[in-house]
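Heads up: the structure comes next, in structure tokens.
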Amino acid sequence: MPESAIRDAIEAVLSGMGVESAKIQLERPKDPAHGDLATNVALTLASVLKRQPRAIAEEIAERLDLDAAGVQAVEIAGPGFLNFRLDQRQVAAVLEDVMVAGTGYGRTDVGEGRPIMVEFVSANPTGPLHIGHARQAALGDAIAGLLEWTGWSVSREYYYNDTGVQIDRLAESMWARYQQHLGNDAEIPEGGYPGEYVVELANQFENEVGDRYAGEVTPDALEALRIFAVARLREEQDRDLGDFGVRFDTYFLESSLYENGSVDSTVADLRATGLVYDHEGAVWLKTTEFGDQKDRVMLKSDGTPTYFLPDVAYHMDKWGRGFEHVINVQGSDHHGTVARVRAGLQALGLPRGYPEYVLHQMVRVERDGKEVKFSKRSGFMVTLRELFEQVGVDVTRYLFQWRKPEAQLVFDLDLALDQSEKNPVYKIQYAHARMCSIFRKAGVDLEDGAVARADLTLLTHPTELELIKRLTNLPGLIERAAELRAPHLVCDYLEQLAGAVNSWYHAGNPSRNPKLAVLVDNPELSSARLALTRSVQIVLANGLAVLGLSAPKRMERKEAPS
RNA sequence: GUCCCCGUAGCUCAGUUGGAUAGAGCGACUGCCUCCUAAGCAGUAGGUCGCAGGUUCGAUUCCUGCCGGGGACGCCA
């Protein structure tokens with residue numbers, strides 16, 4: 001509200017100065033000495049008006065209607081910035097917004113309820129989810145959360161590549177373990193899966209069917225092993241993700257694209273475009289027509305499709321289901337596929353740049369500064385479950401969300417296991433728990449009406465005003481983070497806020513600084529400070545909720561794992 | 001060789017779409033502290049924003065080139 005009032009007032013002045021349709025940027029300066037809001041219009045108009053920026057700033061300041069703008073004072077600073085100091089009433093009124101909106105504070109409606117799909121994790125059902133999937137699960141879920149908070153109708157989707165070479169290798173690995181279990185000689189094939197879990201699965205398989213498939217390998221045996229293993233691994237992956245706090249709206253099987261004929265019809269549709277040609281026995285698509293670096297094979301010389309084809313069919317399906325906005329969260333090792341999938345889709349008439357991709361870099365786990373790589377169960381990488389069972393779901397999710405996707409990430413186990421405020425997650429959650437603790441101490445309910453009606457103009461201390469200012473940034477921040485698909489901005493915000501909150505809390509330590517405590521003798525002032533406490537609590541809880549993290553009312557220390 | 005990402009304090013990283021004196025956390029150093037909940041609090045030091053040009057009133061931010069790190073370049077997924 002205060003922003004639009006100021007904007008209007010400036011516009012009124014500018015039109016009086018003969019300037020129409022100037023872009024007025026208002027920003028919240030980081031330095032409190034620069035007021036509550038600032039604008040650089042005078043600087044941007046300098047070249048248009050051919051006058052000194054400071055002279056323009058002075059004229060604007062002189063003509064500005066302070067009352068209408070809801071501004072207490074305006075100052076000119078630096079090369080020609082206009083700094084506005086808001087009315088005390090305006091500042092405090094923000095807390096009313098926070099308390100009225102409650103768990104909805106921070107939500108906006110830029111998405112206008114339009115559908116958007118976030119596809120993420122999408123691991124092959126060939127083994128347990130590992131650390132790379134963990135990053136993707138945390139990241140994708142947070143992006144989905146951001147979109148929900150900005151008014152999109154979000155669908156989370158998981159694509160199972162349940163056909164192809166990888167699955168064949170899995171079946172062969174199962175075969176080998178099954179034979180070994182029966183006491184026969186067999187070896188995991190080249191490119192197979194050596195992890196412990198295949199042994200477990202083969203044993204379970206034997207429990208169910210006995211030695212029916214002993215002896216020579218047959219297509220029937222491999223088929224039975226494949227179906228068994230894929231079903232069990234899908235269950236396990238779903239369970240791991242569920243326990244990690246991630247739920248999907250739809251699971252999409254690659255095999256369905258073959259079964260329902262969409263792969264074949266995609267071939268036919270692509271042929272109809274005239275961009276398909278035969279070369280050296282294979283069938284190619286001219287993806288270079290749409291900016292790919294070279295043309296791609298869609299049907300191999302043995303007649304089977306490359307992975308590229310079902311990918312195109314799959315995305316045509318997404319489009320057909322009404323998703324004009326799709327975000328695919330994938331590891332950056334997939335970046336080579338982006339151009340060709342888009343090219344295939346463009347050939348079929350979909351818009352350029354569809355779908356959108358968020359590609360994240362790889363993760364390494366470190367402890368004592370050394371890489372931790374191996375997991376016996378998975379056969380190579382640390383699994384998702386091993387990670388969150390050891391350090392907790394909130395910590396795991398957060399540590400994957402707090403860095404931008406396109407940067408490489410070191411998952412520091414020492415930091416993750418630290419339960420002090422050095423651990424950024426706990427720092428934020430402590431701040432939240434402290435707010436709740438103040439209410440407990442006061443014997444007042446969080447949603448108490450008297451608190452909501454407090455006289456907020458009593459909040460005049462600089463640290464209080466600074467906190468209030470930070471709280472007002474939440475909706476804009478969520479909007480920006482959603483637009484940029486950048487959950488790490490929320491982390492950054494929450495850490496900064498928690499830092500400010502914790503300082504404020506400690507400054508009000510009753511034994512040291514009783515006048516600054518929330519629970520002071522003066523009931524009006526105490527009520528006002530409780531209102532601030534409540535508002536802080538709401539903003540922290542909502543910020544955590546966007547990321548899919550819990551906001552504990554009290555913190556409990558866990559026994560340190562050995 | 002071509003393409004994509006990254007390069008900011010000793011370390012790990014932010015940086016509000018081009019603004020004012022570039023910020024956090026950890027580590028280091030200094031001083032407090034037994035408390036509305038915690039191995040806590042307050043403060044100090046620490047910078048050629050990889051390098052060189054360009055655009056601009058103004059560049060960590062945009063453009064070009066180079067250097068360094070990672071990744072992708074299959075009739076594998």
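Chain letters run A, B, ... following the sequence lines, proteins first, then strands; residues in each count from 1.
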Salt bridge E289(A)-K294(A), side-chain N to carboxylate O under 4.0 Å: no
Residues E466(A) and K469(A) bridged, charged N to O under 4.0 Å: no
Rounding to an integer number of Å, can you tell me how far [X] [atom1] sits from [N] [atom2]?
{"X": "M362(A)", "N": "G69(B)", "atom1": "CE", "atom2": "P", "answer": "20 Å"}
{"X": "H488(A)", "N": "A24(B)", "atom1": "NE2", "atom2": "C1'", "answer": "13 Å"}
{"X": "F308(A)", "N": "C76(B)", "atom1": "CZ", "atom2": "P", "answer": "14 Å"}

Option from E157(A), E356(A), H334(A), H315(A) for which side-chain hydrogen bond (donor to acceptor under 3.5 Å, both in side chains) with N328(A) holds: H315(A)
Nucleotide-resolved protein contact map, nucleotides 25-30 of chain B, B/S/- at heavy-atom distance under 4.0 Å: SSS---
Any idea which heavy atoms bring [X] and [Y] closest together, and the distance?
{"X": "A442(A)", "Y": "L519(A)", "value": "CB-CD2, 3.5 Å"}
{"X": "A347(A)", "Y": "L270(A)", "value": "CB-CD2, 4.1 Å"}
{"X": "A61(A)", "Y": "I76(A)", "value": "CB-CD1, 4.1 Å"}

On the nucleotide [N], are OP1 or OP2 found under 4.0 Å from the side-chain N or O atoms that [X] carries?
{"X": "S503(A)", "N": "A42(B)", "result": "yes"}
{"X": "K404(A)", "N": "A14(B)", "result": "yes"}
{"X": "K294(A)", "N": "U2(B)", "result": "no"}

Nearest-nucleotide comparison on RNA chain B, the residue closer to the 5′ end among D295(A) and N502(A): N502(A)
Residue whose closest nucleotide on RNA chain B lies nearer the 5' end, V410(A) versus R296(A): V410(A)
pi-stack flag for F81(A) and A20(B), centroid dist under 5.5 Å, interplanar under 30°: yes
Sugar-phosphate, base or nothing in reach of R480(A), heavy atoms under 4.0 Å: sugar-phosphate
M316(A)/L345(A) under side-chain contact (heavy atoms from CB on, under 4.5 Å): CA gap, chis, key distance, verdict: CA-CA 7 Å; M316(A) 288 305 292; L345(A) 293 169; 3.6 Å; yes
Atom pairs under 3.5 Å, N or O on each side, protein against nucleotides 32-36 of chain B: can you list them with distances?
| residue | atom | partner | partner atom | Å |
| --- | --- | --- | --- | --- |
| C35(B) | O2 | N509(A) | ND2 | 2.9 |
| C36(B) | O2' | S437(A) | OG | 3.4 |
| C36(B) | N4 | Y505(A) | O | 2.9 |

Intra- and interstrand pairs of RNA chain B - dot-bracket, Watson-Crick/G-U under 3.5 Å, | marks other strand: (((((((..((((.....[...)))).(((((.......))))).....(((((..]....))))))))))))....
Anti or syn - U60(B), cut at 90° from 0: anti
Flag, side chain of R403(A) to backbone of F400(A), donor-acceptor distance under 3.5 Å: no
Main-chain N/O of D414(A) paired with D418(A) side-chain donor or acceptor, under 3.5 Å: no
Distance-only donor-acceptor check, side chains Q429(A) and D394(A), under 3.5 Å: yes
